[in-house]
There are 2 protein chains.
Amino acid sequence: MADMKLTPLQQDFVLHFGEMGSRWGINRTVGQIYALLFLSEQPLNAEQITEGLSISRSNTSMGLKELQSWELVRLRHKQGDRRDYFTTPDDLWEIVRTLVAQRRKREIDPTLTKLRELELRGPQGDAYAEARIAELRELIEMMTAFHDEMNRLETERLVQLMTMGRKLGGLLDKTPKLNPFRRKTQ
Amino acid sequence: MADMKLTPLQQDFVLHFGEMGSRWGINRTVGQIYALLFLSEQPLNAEQITEGLSISRSNTSMGLKELQSWELVRLRHKQGDRRDYFTTPDDLWEIVRTLVAQRRKREIDPTLTKLRELELRGPQGDAYAEARIAELRELIEMMTAFHDEMNRLETERLVQLMTMGRKLGGLLDKTPKLNPFRRKTQ
DNA sequence: CATCCGTTTCAGAAATTTCTGAAATGGCCG
DNA sequence: CGGCCATTTCAGAAATTTCTGAAACGGATG
């Protein structure tokens, strides 16, 4: 663990996460740091990450700060060593929960706030736009409420729900019911 | 509809979508074009969008191309007018389905492919990393299978499921069952 | 309080992404 | 075919984001 040469497997995984970073809304370095920590059994310190990824020390520092702001990374300490060591949670479901929660916070919540703010202005004479905005707000509220529910489930129940497969549809009452989100025209 | 002055409501909504664009993995212009189309009862042509958003004609063209590649926008034609007109679907659920499908295609599927590729190499002597990769692949497979299931449901059933609230947990069998994704240690 | 060691900040450099105007393309019509 | 109109392409300009090295910071220790 001293010289931090990556195995070909780590190398490949890390590079992939780096490339995907931009699609995931993080930058390459942040993706690579996360990937490296994800595959490391032992916590790593900033120096090891810097060396492993051949990036600058300050870049590592910024990347770690970013990952901490996402709460995707844990800080650890070792006896008699004042450097910071980092890991990712062992439990993948916990990672997913964090990821979803953070994306919601950054990608959804600000828009929900904005939509509510727009509605507070009351009718402005553009009935279509106003209806469209209200409809979007309702949809987002429904989805976030559902997310809250799923989040409340213990992991075990969640896995149970997700692995139900075809049985899912069967659980639901098939009585015809009006769908508030379907429009009359197209 | 001729001179495309935006109302304050449209203006504000469009600017918000522009700002959020970067968080959503699209650029400002693309976000703005989508927002404008979303609030427009009538389909708009490229010229109207260009004018409404005060951007260049070529930027509009590129933005529309991008939105078409996401399948988030529909092409329409008017009698005796050979310009292309664009709209967003009336049905918000359809928009959400498209969005989720596209994000999965761009953000998840390539990684799933990569993970499988890494596993095909067989044991390389880094048991921890190999286990971690396998675990991640299994998790992603479970989630995509679940997505496929949800996607199969008609909108009405989906809404029914999402609005179940607390009853969700109650539906599930509470018999203790081993969770294949929880690790022994932390 | 001076030094050591690890971390963070920050201004500018480098890289990347976005945007524009001009030119090219493509199809329709007379 | 030649002109017209809408759209796309593309090379360079502009804007934004990422990355680096150097300096500042902070806190433990002798």
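Proteins get letters first, then strands, A, B, ... in listed order; numbering begins at 1 in each.
Rounded to a whole Å, the CD1 atom of A/Ile26 is 16 Å from the C1' atom of D/dC19. As rounded to whole Å, 12 Å separates atom P of C/dT16 from atom CD of A/Glu19. Between the P atom of C/dG6 and the CZ atom of A/Arg76 lies a distance of 20 Å, rounded to the nearest Å. Counting to the nearest Å, the C1' atom of C/dA14 and the CD1 atom of A/Ile55 are 16 Å from each other. The distance from atom NE2 of A/His77 to atom P of C/dC5 is 17 Å, rounded to the nearest whole Å. Put simply, CG on B/Asp81 is 15 Å from C1' on C/dC29, counting in whole angstrom units. Per the geometry, CZ belonging to B/Arg83 stands 14 Å off P belonging to D/dT8, to the nearest Å. Rounded to whole angstrom, the span from the OH atom of B/Tyr85 across to the P atom of D/dA6 amounts to 9 Å.
Picking from D/dG21, C/dT7, C/dT18 the nucleotide with the shortest atom distance to the side chain of B/Asn27 gives C/dT18. Nearest to the side-chain atoms of A/Arg28 among the listed nucleotides D/dC19, C/dC19, C/dT7 stands D/dC19. The side chain of A/Asn59 sits closest to D/dC19 out of D/dC19, D/dT7, C/dT20.
Residue B/Thr29 is in sugar-phosphate contact alone, with no base atom involved, counting any heavy-atom pair closer than 4.0 Å across all strands shown. Residue contacts shown for A/Asp84 are limited to sugar-phosphate atoms, with no base heavy atom under 4.0 Å away.
Ranked by how close their nearest DNA chain C nucleotide is to the 5' end, A/Met62 and A/Arg82 are led by A/Arg82.
Counting atom types as modelled, B/Ser58 pairs a side-chain N or O with a base atom of C/dG21 as donor and acceptor under 3.5 Å.
Between A/Ser61 and the phosphate of C/dT7, there is no side-chain N or O to OP1/OP2 separation shorter than 4.0 Å. Contact between the side-chain N/O atoms of A/Lys65 and the OP1/OP2 oxygens of C/dT9 is found at a separation under 4.0 Å.
Exactly one residue among B/Thr50, B/Asn45, B/Leu53 makes a side chain to side chain contact (heavy atoms under 4.5 Å, CB included) with B/Thr60. That residue is B/Thr50. Of the listed residues (B/Phe17, B/Trp70, B/Tyr34), just one forms a side chain to side chain contact (heavy atoms under 4.5 Å, CB included) with B/Ile26, and that residue is B/Trp70.
Connection of A/Leu92 to B/Met143 is established within a shared hydrophobic cluster, with ILVMFWY side chains joined at heavy-atom distances below 4.5 Å, either directly or through further cluster members.
Salt-bridge formation is not detected for the pair B/Arg121/B/Glu130: no Lys NZ or Arg NE/NH1/NH2 atom is positioned less than 4.0 Å from an Asp or Glu carboxylate oxygen. Note on A/Arg116 versus A/Glu119: no salt bridge recorded, every NZ/NE/NH1/NH2 to OD/OE distance being 4.0 Å or above.
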